[in-house]
Amino acid sequence: MNAPLRRVGVVVLVLFALLFVNLNWVQAYKADEYRNSDYNGRVQIAEYERERGVIEAGRTALASSKPTDGELKYIREYPAGEAYAHVVGYNPVNLAATGIEKSEDEFLAGTSDALVADRISDLWTGEKTPGGSVLLSLSKRAQETAFKEMSNNRVGVDKGAAVALDPRTGAVQALVSMPSFDPNPLADHDTDAAEAAYDKLESDPGKPLINRALSETYPPGSTFKVIDAAAALESGYTQQTQIPAGSVYRAPTSGTDIRNAAASICPESQVSLKEALTESCNTGFAKLAVALGADKIKEEARKFGFGQTDLTCGRLNGEGLPVAPSETGDIKNPDGGDDPAALAQSGIGQNNVRMTPMQGALIAAAVANDGKQMRPYLVQKLLGPDRTTSHYTATPKELNGAVVSGQVARDLQEMMVSVVENGTGRNAQINNVVVGGKTGTAQSSADREDHGWFIGFAIKDGKPVSAVAVFLQEAGSGGSAEAARIGGQIMRAVVTDAGGS
Amino acid sequence: MSSQAGPVNTPAATGELPRVRDVQTRRNAELALLGFAMALVAAYSATIQLTMFDTITGNFWVPAAVLSVLFLGLHLVVRYAAPYADPALIPAVALLNGIGVGFLRRLDLAEAPAAERLNYPIFAGTGGRQLAWTLISVVLAAVVLMIVKDHRAISRYAYTLGLGGIVLVLIPALLPRSLSEINGAKLWIKFGSFSIQPGEFAKLALLAFFAYYLVRKREVLSLASRRVLGVDFPRGRDLGPVLAVWAVSLLVLIFEKDLGTSLLYFGMFVVTLYIATERVSWLIIGLLLFFGGAYSAYLLGASVGGPFANFYDRAQIWLDPFSDPYLRGYQLVQSLLGLGSGGLFGAGPGGGQPTKIPEVHNDFIFAGLGEEIGLFGLSALLIIYLLIVQRGLRAGLAVRDSFGKLLAGGLAFTLALQVFVIVGGISRLIPLTGQTTPFLSAGGSSLMANWMLIAVVLRVSDAARRPVDASVSARPSGSSASAPAQLHGAPTEVIKP
């Protein structure tokens, strides 16, 4: 019986070798992934040994850590509360972090490679040096104006979003999503209380945890006409080119009638391109889209950033809050052929066209910056624990190169300025500042109210200073006018905020 | 090491082949190793205190000292009752047992209010209870060594033990859930706050029965065969007992909802069968039957549910624990995250957060330890287990009688299989099951049963290393009445078809 006994010994060795190899897999190969898993509360507890860095904007702390007597040595506080919640995010004990708290976690926690020198000096001093600080690009005045105006909007809407960018750099000046939430209860050290607070927010019908500015897409409605106009200008049209209009348009072969928002808008058979944009002429742009063709429209939208799946907004190296891709859809028949009905609807920002409020601001910013679209960012600077060593400073980068030529961009600027001065966007006007924009009213679904949109820009002393997108979900009539008013207020706050950008 | 207690045999004295080997008892080596093991346990406790309190209290050595006294007592019993027993077994087991007590006490400290930690009483909490269970278990092991003077005597009670084993296995399956189910596995008998796991003892009883039965049947099982594809397969009628044990193990799987226990019993039986018959075909049949059965149970769980649902659930969790990380997959996810957070070197004793893992006192103790002692520490623990198992197999190799070979080999393999099942389970090598980690997990049943297992292996290893004349003189009375039946005393036969 000795031979089989020896073989059993070998079998045991094999079984233990399997255990050993598997433990290597779990504890060495997968160790980093498991250690940094969202479900892993351990590392966070170790993190609470060290004071977490501050997130700040315009010299105001948006997230900071306060010492406690408990087992977790610091508690995270969000003094600015709801107004900054969707940008700053939260860093709970047991739940998953979000926002800048998540994307800059290593730097804030002091575990990033950039801060290794501080950790080494800890070895000698026995102290725990705090994490680094994150300075955001937000303009305090613009952000607070955006939050206040969105919350107190005059059409009684409780869901929406607003984004403001510096067209020259891509720095985010304001970013608000409604409804917002107070992140403080989520960072409670009592994990049951934190989870209860999270569950409450999660089950809220208003879905306050969703960042509507970045992660949701909506039909853009007439704001999409800026894309049509850009496509037309690039195809040889001028501002004064007469385009077919009329009070009703039915696309060839099928489709429903496309009408204008009011009978007074472009009933004549032809209007100039500029006039069509100023009045937001639906029939004109539906026909224009059909005349230009689906490929041209899709290509123009793509140049402005539609279809970009990997855009983030945080640091310029790609780490940050993910931005959902905006889409035009196929604009084709199921068999691959042309679908003029769908194209006509897509031309006025309906059918399957969807965009994020961030994308709306990126369109306005590209136009305002003479066709150069800058990559959006939120993190302006990373400061070491001593608050003097700079570990990162945002150096603006182009996003999609020259989206349109300088001439096309300037034509679009003039047309959009006309919208604010003479057309649907009058509410966005600011004293002593040139403002351009485009409103939008988008059908959400048959039984819901229409969304209200405004995208626009402000040019002061010949320089573009701000580009905004304001979105009021299911706002109904007056929604786009109110969006234009809020957009104007946000840009006015940027202009008055000396230290903002 | 210096002990020369083993008498030198001369051919004239024994009338056997000349033995020039100088047999030593190696009891002093055992004592030295034991001292080393206990020093490690004390150092482990000191490190925990240093990490958790930033200071070492005056009583860090007390649990290690209590354990040292216990194991020293066992060592003395072995000197008297089994002087030739393997000297590495007790120190290795003592080290695991000591680390277990230390780690459980460390968990108590983490769970105690901060103000009470520095002066946490030695005999309080799970750590204290484990210390008490160790006392009982070591006494039990000593009693086994003193009562069972010759392992072959066990074979006389084989049928009683076999019947007792089956009853022990089946009790939890037949009891209502309220009296037998803990954490989804029906493996327990609960008396109020106190519960025992009869399966732990059943292992030993069943293995003794298997060994006896197979020694009797091995000839017919190994000789009568049909040759298919170069492998000898047994006749249909000889498959009966194997199929019966397979059926029982599947019933365990279904009604006690525990794949691990089922795998343990069946693996134990198939391997002893293989050792007895030297037929690889038994291993093939066994593996096919087991995996076929388990796979069918999985499919039935997916389609029919009912009693199979639990196994199906566990298999699903195993396949993708992160699909439901907060509910069904929570234990395994936390276990993996704990192991991963430990990494290569671990957070240091006392430096991790093992209390994040549910059931870290019992099933998941290896994951909790892994977070603090890292891959290197866990590898060391695995090597200690491997040492114990290989020492047991060696005792089986060296002992002269078939029953002893099967008993020691089977017990050693059972221990290995149990370590494999639970460590594989918590590290997601195989679906998770509710096994205890031998000598580490909190709980009296497991500790007592495994110490008894070690006592039996010690007894066999003593017989294996004992010089022939010494073994004759050490027989209790030497009377023919108490001498084992000729069958079990027979030397190994080499049978080849």
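Keep in mind it's a predicted model, so treat the numbers as computed, not measured. We name chains A, B, ... by the order of the sequence lines, and we start the count at 1 in each one.
- Nearest heavy-atom pair, B:L337 versus A:S37, reported as atom, atom and distance to 0.1 Å: CD2-CB, 3.6 Å.
- Among B:G409, B:P325, B:A412, B:G342, the residue making the largest number of heavy-atom pairs under 4.5 Å with chain A is B:P325.
- Dense packing is recorded around OH of B:Y326, with more than 12 heavy atoms of other residues, nucleotides or ligands lying under 6.0 Å away.
- Summarising the geometry of A:N2 relative to B:G396, their closest heavy-atom pair is OD1-O, 4.4 Å, with the distance given to 0.1 Å.
- Few gaps surround OH on A:Y74; more than 12 heavy atoms of other groups in view lie less than 6.0 Å from it.
- The line from CD1 of B:I426 to CG of A:L23 is 7.0 Å long, rounded to the nearest 0.5 Å.
- Heavy atoms of other residues, nucleotides or ligands lying less than 6.0 angstrom from CZ of B:R394 number 12 at most.
- Contact of B:Y330 with chain A is not made at all, since no heavy-atom distance falls under 4.5 Å.
- Annotation: A:K200, atom NZ; neighbour count of heavy atoms from other residues, nucleotides and ligands within 6.0 Å does not exceed 12.
- For the pair A:Q27 (side chain) and B:E371 (backbone), a donor-acceptor distance under 3.5 Å is absent.
- Residues A:W25 and B:L429 are not in side-chain contact: their nearest non-hydrogen atoms beyond the backbone lie 4.5 Å or more apart.
- Contact count against chain A (heavy-atom pairs under 4.5 Å) is highest for B:L378 among B:L378, B:V333, B:I430.
- To the nearest 0.5 Å, the span separating CG on B:L336 from OH on A:Y34 amounts to 4.5 Å.
- Contact record, B:G343 with A:A31: CA-CB, 4.4 Å, taken as the closest heavy-atom pair.
- Between the CZ atom of A:R7 and the CG atom of B:L393 there is a distance of 13.5 Å, given to the nearest 0.5 Å.
- With a 4.5 Å cut-off on non-hydrogen atoms, A:N24 touches chain B through its backbone and its side chain both.
- Both the backbone and the side chain of B:L375 come within less than 4.5 Å of a heavy atom in chain A.
- If you measure heavy-atom distances from B:V423 to chain A, the contacts under 4.5 Å come from both the backbone and the side chain.
- The part of A:V11 that comes within reach of chain B is its side chain, from C-beta onward, which places non-hydrogen atoms under 4.5 angstrom from that chain.
- For the set B:G338, B:G424, B:A276, the entry with the most heavy-atom pairs within less than 4.5 Å of chain A is B:G338.
- For the options B:L344, B:V271, B:L382, heavy-atom pairs under 4.5 Å to chain A are most numerous at B:L382.
- Interatomic distance, A:N40 CG to B:K356 NZ, rounded to the nearest 0.5 Å: 8.0 Å.
- Considering CG of A:L5 and CZ of B:F413, their distance stands at 11.5 Å, rounded to 0.5 Å.
- A distance of 11.5 Å separates CZ of A:R35 from CG of B:L339, quoted to the nearest 0.5 Å.
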